[in-house]
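I have placed the structure first, in the form of structure tokens, so that the comments after it can refer back to it.
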Protein chains: 4
Amino acid sequence: MNIHSVAPKRPDLDRLLIDSALALFAERTYEGTQMPAVAQHAGVGVGSIYRYFPSKEALGNAAFRYAKRTLLDTLAEALADGGPAGTAREEFARFWRGFTRYASAHPDAFVFLEHQQHDTFLDPESRALADELHRVAADFIERGQHAGAIRDGDAEQLVGLALGAFTGLVKLARPAGGLDALPAEDLDRAEAAVWDLLHRKADR
Amino acid sequence: MNIHSVAPKRPDLDRLLIDSALALFAERTYEGTQMPAVAQHAGVGVGSIYRYFPSKEALGNAAFRYAKRTLLDTLAEALADGGPAGTAREEFARFWRGFTRYASAHPDAFVFLEHQQHDTFLDPESRALADELHRVAADFIERGQHAGAIRDGDAEQLVGLALGAFTGLVKLARPAGGLDALPAEDLDRAEAAVWDLLHRKADR
Amino acid sequence: MNIHSVAPKRPDLDRLLIDSALALFAERTYEGTQMPAVAQHAGVGVGSIYRYFPSKEALGNAAFRYAKRTLLDTLAEALADGGPAGTAREEFARFWRGFTRYASAHPDAFVFLEHQQHDTFLDPESRALADELHRVAADFIERGQHAGAIRDGDAEQLVGLALGAFTGLVKLARPAGGLDALPAEDLDRAEAAVWDLLHRKADR
Amino acid sequence: MNIHSVAPKRPDLDRLLIDSALALFAERTYEGTQMPAVAQHAGVGVGSIYRYFPSKEALGNAAFRYAKRTLLDTLAEALADGGPAGTAREEFARFWRGFTRYASAHPDAFVFLEHQQHDTFLDPESRALADELHRVAADFIERGQHAGAIRDGDAEQLVGLALGAFTGLVKLARPAGGLDALPAEDLDRAEAAVWDLLHRKADR
DNA sequence: AATGAATGAGCTTTCATTCAT
DNA sequence: AATGAATGAAAGCTCATTCAT
């Protein structure tokens, strides 16, 4: 029962196009994806893309930024969920939940973001966003190190290791249906394993 | 009348071309790399590439297979080094040394191999090779689990996590000069962290 | 309940569209002018153009014919003004006044008509109109030659020269505000000059 | 008997392309000419154009500049021919010869140059060249006025009238085979007519 | 009747591949 | 054997035209 008597024919075509682009970029790379393929995936004509994005490059950047922002938002929400986090382990659990939620909801987007070949088309604004995730994660690592809960070492490197591990899991699970298709038990075990990657061992 | 009259003017031009291709593929993707760019990087004319490889696709597959085989060889060598491995921890150390050596010697190749977007051009033979590494690693994981040294869980998933972690480190180190530029201490710490990712905790 | 309920909201929208088309065609060529640009210039939606003209080509032909007919009408009026012309010089003055009036009132249209690149879109009916002006002018030349007032030579060529000269003046004056912006004195001098182009010199 | 044993397969392809472009631009406008048409006219593949010119716009500017420079050169040569010019009438004859020679040799180029719709694609360098011809001609007019041989009035306007007249003649002659197809007598008469357009009448 | 978002044929441009030198 | 100019199929993009609102 919609109040609006005149619903737009295609609501949010820009979002639809970004989703299509992400799906294809994840599968075949930005460079390997043709505009007609994006149009077909979205069920629109090629020309329509250009009503929303002035060029393929613009579409690529919009998709990248949308994906990155959504990931950051999901993460921020997960981190805030449940009031102030107590221990580093608990905060890590929130990170894990955030990533898991995002990778489940947007597997294409997550895979696309973790491609490393963005140099060819990212504009300065996108580049600025690109590092934000690492900053947030590195901050968590450093606080954990001060609290004695996380092992010593360069925070950036620990982020690289942990994020890489998670990415490895997502890549593996993807062809089989994504993270959602994994038994909950497996996800828990993976979480424990990555925590051990970061965790400072009590003795010694 | 030159004694060397039959010697090829450019020995191993195929290798040179593969190296150039790997360097560019790692930087800009297979699809984002033009044949003239490969030729220029190798310092030869475009036409010459086609004397060695019948098509771009063939070059891509040759590069992929060369990189994968070299990684497997390096790994096999590292695993065999020092006679039969004793503990799982020691075998892990050999794995680590193998990966480290390879990623140091061929950073481009390693990054290229860890792209996941090979679906567009890999032929069946290359695809068959693609899983070999995971098989070798999963075998190690399974033996370690039987010996009680490695945590429970799907071996494939543990491989994904550990290999992903290592890849995350390489990606991070790459712009700054690669793994070689990292302090030895950092590498050791990373090794310990990834081992803890796999290691079964003694108590509890 | 409006008395004018049956009156068209926009009277003469076809004329408005033709004027817009002429303005843009003069500036950027028929081929270089996009339908949306015509719509915007006329302050209507693109779709509305197609209510009045079935295609761009039809609009182009309508604009051409309208401009040409208006020029011929203006000329006919100027030639008839003041009763039967006496001398060739006087008839020439009427021609001059006709052209001047038209080029002042419709500078875009005049410039458009004097483009020579109409071959791509003019239909047969338009083509037939195209030569009318030259016919009228050539007739005047021939009568003048019989009367001994205009120099010998091919009448068509003399028309080409005289009309070309006038066009050269309009093109020059156009960026500076058109013929209207020219001092009256300059226009008179130009008229005298073009007359001398046609005039048979008294002696010899 | 060519000294060079290895003649280039296609000498001066850039010139050939410019000539083709000029022929088509003259016929159908810059905007109305497609790159494949230029390629076909030149007897080469479309891709080859882009080896010589980075874009259609670049080709358009190159063609414009080439045509304009050649016209200016032809004119300069004609003006210098026969030592210092004596009277204004003689100098005018040289101008006439220069224009005539050029329009005969390059009718397409001349027509293209006299289109007025270059605003859409000319770059600043081309624009600078565009006025050169008028400068040279206006200088001649002013000197002639000082010498009492050319009628009073704005020099620019007189140039516009005279050049326009010549252009009118070329346009007329073009479909019938160009200036060359005109009887010499007609050309002489036209020259006399245009001179009378400029000439100051001796008595009043 | 008027609108402008949507369309896809067609245009500009790129690039894997060929081949005369 | 090596080259790189030449090619044309295919990619990115534009714009005349349609049609649901």
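Here is how names work: the chains are called A, B, and so on, in the same order as the sequence lines, proteins then strands, and each is numbered from 1.
Each of F:dC13, E:dT7, F:dT7 was ranked by its minimum atom distance to the side chain of A:Ser55; first place goes to F:dC13. Set against F:dA6, E:dA16, E:dT13, the side chain of D:Met35 has E:dT13 as its closest nucleotide.
Dashed line: the shortest gap from a side-chain N or O of D:Tyr52 to OP1 or OP2 of F:dA6 is under 4.0 Å. The phosphate of E:dA6 has neither OP1 nor OP2 within less than 4.0 Å of any side-chain N or O from A:Arg51. Side-chain nitrogen and oxygen atoms of A:Ser48 include at least one within less than 4.0 Å of the OP1 or OP2 phosphate oxygen of E:dT7.
Ionic pairing of D:Asp123 and D:Arg65 is present here: one or more N-O contacts between side-chain nitrogen and carboxylate oxygen are shorter than 4.0 angstrom. Using a cut-off of 4.0 Å between Lys/Arg side-chain N and Asp/Glu carboxylate O, D:Asp19 and D:Arg15 are scored as salt-bridged. A salt bridge links D:Asp108 and D:Arg174; the closest N-O separation between the charged side-chain nitrogens and carboxylate oxygens is under 4.0 Å. The residues A:Glu31 and A:Lys56 are annotated as not salt-bridged, no charged nitrogen and carboxylate oxygen being separated by less than 4.0 angstrom.
One N or O on the side chain of B:Ser55 and one on the backbone of B:Ala58 form a donor-acceptor pair closer than 3.5 Å.
Atom-to-atom, CG of C:Leu17 to C1' of E:dA2 comes out at 12 Å; the value is rounded to the nearest Å. E:dG10 atom P lies 15 Å from atom NZ of C:Lys56, rounded to whole Å. Atom C1' of nucleotide F:dA2 and atom CD of B:Gln40 are separated by 17 Å, given to the nearest angstrom. Distance, B:Leu16 CG to F:dA1 C1': 16 Å, rounded to whole Å. Between D:Glu57 atom CD and F:dT14 atom C1' there is a gap of 16 Å when expressed in whole angstrom units. Taking atom CD on B:Glu31 and atom C1' on E:dA16, their separation rounds to 13 Å, with Å as the unit. When the P atom of F:dT14 is taken as reference, atom CZ of A:Phe53 falls 15 Å away, rounded to whole Å. Computed from coordinates, the D:Tyr30 OH to E:dT12 C1' distance equals 10 Å when rounded to whole Å.
For C:Thr33 and A:Thr33, each mapped to the nucleotide of DNA chain F holding its nearest heavy atom, the one lying further toward the 5' end belongs to A:Thr33. Across the interface with DNA chain F, nearest-nucleotide mapping of A:Tyr50 and B:Gly47 shows B:Gly47 to be the residue nearer the 5′ end. Of the residues near DNA chain E, B:Gln34 and A:Ile49, the one whose nearest nucleotide (by heavy atom distance) lies more toward the 5' end is A:Ile49.
In DNA chain E, consecutive stretches of 3 or more Watson-Crick or G-U wobble pairs with both distances under 3.5 Å are given as paired ranges: E:2-21 with F:2-21.
Across all non-hydrogen atoms, the minimal contact from A:Leu122 to A:Asn61 is CA-OD1, 3.3 Å.
Partners of B:His41 by side chain to side chain contact (heavy atoms under 4.5 Å, CB included), not counting sequence neighbours, listed by chain and number: B:Ser20, B:Ala23, B:Leu24.
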